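Encoded as structure tokens, the structure appears first; notes follow it.
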Amino acid sequence: MPVQLFNTRTLKKEIFEPSEDGNARIYTCGPTVYAAAHIGNLRSNLFADLLVRTLLHRGYSVTHVINVTDVGHLTDDADAGEDKMERAAVETGRTAMEIAEQYTQLWLDDRERLGCRLPDVLCRATEHIPEQIALVERLVERGFTYQIPDGVYFDTTKFPGYADFARLDLAGQASGARIADVEGKRHAADFALWKFAEEGVQRQQEWGSPWGRGFPGWHVECSAMSIQYLGETFDLHTGGVDHIKVHHTNEIAQSECAYGMRPWVRFWLHNEFVNLAGEKMAKSEGNVAVLQDLVRQGYPALVYRYFFLQAHYRQQQSFTRDAMDAAKTGYDRLVRAAAEVRDAGGEVREDAIEPLRVRFAESLADDLNAPRAVAVAWEVARGSELLPAERWELLREFDQVLRLDLANATPAGEGAENDPRVEALVAEREEARRTRDFATADRIRDELAAEGIVVKDTPNGPRWSRT
RNA sequence: GGCGCCGUGGCCAAGUGGUAAGGCACGGGACUGCAAAUCCCUGAUCCCCGGUUCGAAUCCGGGCGGCGCCUCCA
């Protein structure tokens, strides 16, 4: 079964194959690093990682590029409002660079904890200013732009297919008239390619250009950097659904007009939102949760990954306490089951494992249906018809994609904690049990429980852990 | 207001024409001195109404409800 992916450009599931030499070239819209990424943002990272790992699992190679937006992303509409980086700098009394560095690192740490593969290229907008200027120059030369006191703008009416990608109703939108006005802008959909720094205002982030001192518009970076690293046309571009109407529409306009390639990108994939309390998670809604919060509340990062894998990426996902508790328990049990057969030797019957292997692969091939793939993993972990070595063979293979760390994760409560005092009490209790002095045994267990230590009697002797 | 998506057992969530995956919780059982852990078993006809069809959760129409986009946003 070939890989099929839902393409936003065509609104259909289409068979995907890399356009050259079995190498898939993928661009992922990364974070704007003025604040910590919340778990909704992180869903996009997990989604892109699922895509990459699925393609690798199929035997393709991958060139994955992710950008970091560290300049030019404005707070209001595409062309008005403040630059998010500059504002964060003013608010905290630090430099935009410091802030960008801090949150880029935090984001990378989160990705690592979530098991997201490192991209082949991680590119920062501020480190690609010349490339962005060059792209704007191409557009200026080809007559797609106009200049006004605010900056250099892309004239969307010069690109006939502008509304096609997102099926925009430009007339309807224009009459909606909630767009903040930029003096001299010709059409509501036109957007800034290069914004001029205000007269007399020294921005932290500004550069010289053929048109004057300023900074690049938000969309330019993605076109410039993706083309630089992946070529004038490439295979896949991912991001959140919110990017379809403006950001990706504008990227397409710029890129196709500058280089004349149509389609510029063959497959556009978009993930849906994580909802908290019935609403999308967004900083402007004030309902964000970050990975650190989850970890602090007792949900390890990979529990969130497992949570993510249980829903399809194109479906909004409800983030609730109950759902996280369920994910935590489920993840722990899967790890426990994997640990039981970890590195098990013995017979492996190909005819027994092949059907499961196929079902797992086909689930993923069907537009990355991770929930179904996870269900297959459960069948392997719990189903009764497989031998230990067979289970392990499949689980380790599946984990190349799921990345739940089934090869190393320790079941909860079985950490290698050392505490001589507790050990002594546990041993004392075990001795009491041996002599059937259950009153003493239970007293010791209660005492330990009082300090948050749970003792469990297993066939292999007592185990204890802190709750 | 316009466009789009969604509404599946207590919760999360697959399934998009042939009689409902999976996880969690609940209940029952096995095991245990007890407990925990573990394992096994058990539950839904798919928001409502009407239609198409031999047959619909799955298609069409109409309701009701939720969400998203239309403005920065994963």
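Here is how names work: the chains are called A, B, and so on, in the same order as the sequence lines, proteins then strands, and each is numbered from 1. Only a predicted model underlies this, so the values are computations on that prediction, with no experimental measurement involved.
Taking side-chain N and O atoms only, A/R333 has no distance below 4.0 Å to OP1 or OP2 of B/G23. For the pair A/R359 and B/G22, the criterion of a side-chain N or O lying under 4.0 Å from OP1 or OP2 is not met. An OP1 or OP2 oxygen of B/A74 is reached within less than 4.0 angstrom by no side-chain nitrogen or oxygen of A/N45. Checking the phosphate oxygens (OP1, OP2) of B/G23, a side-chain nitrogen or oxygen of A/R382 falls inside 4.0 Å.
Going from atom CD of A/Q317 over to atom P of B/G66 covers 22 Å, rounded to whole Å.
For the C1' atoms, the distance from B/C46 to B/U16 is 12 Å, rounded to whole Å. Atom C1' of B/C11 sits at a distance of 14 Å from the matching atom of B/G43, rounded to the whole Å.
A/N67 and A/Y27 share a side-chain donor-acceptor pair at under 3.5 Å. Between A/T126 and A/D70, the side chains place a donor N or O and an acceptor N or O closer than 3.5 Å (distance only, hydrogens not considered). Between A/N45 and A/W107, the side chains place a donor N or O and an acceptor N or O closer than 3.5 Å (distance only, hydrogens not considered).
At the heavy-atom level, A/D325 lies nowhere under 4.0 Å from the strands shown.
No N or O donor and acceptor, one from the side chain of A/D242 and one from the base of B/C72, sit under 3.5 Å apart. Put simply, the side chain of A/R445 and the base of B/A35 share a donor and an acceptor less than 3.5 Å apart.
Between A/R113 and A/D110 there is a salt bridge, with a side-chain nitrogen of the basic residue lying less than 4.0 Å from a carboxylate oxygen of the acidic one.
For B/C46, there is no paired nucleotide, since no Watson-Crick or G-U wobble pair has both relevant distances below 3.5 Å.
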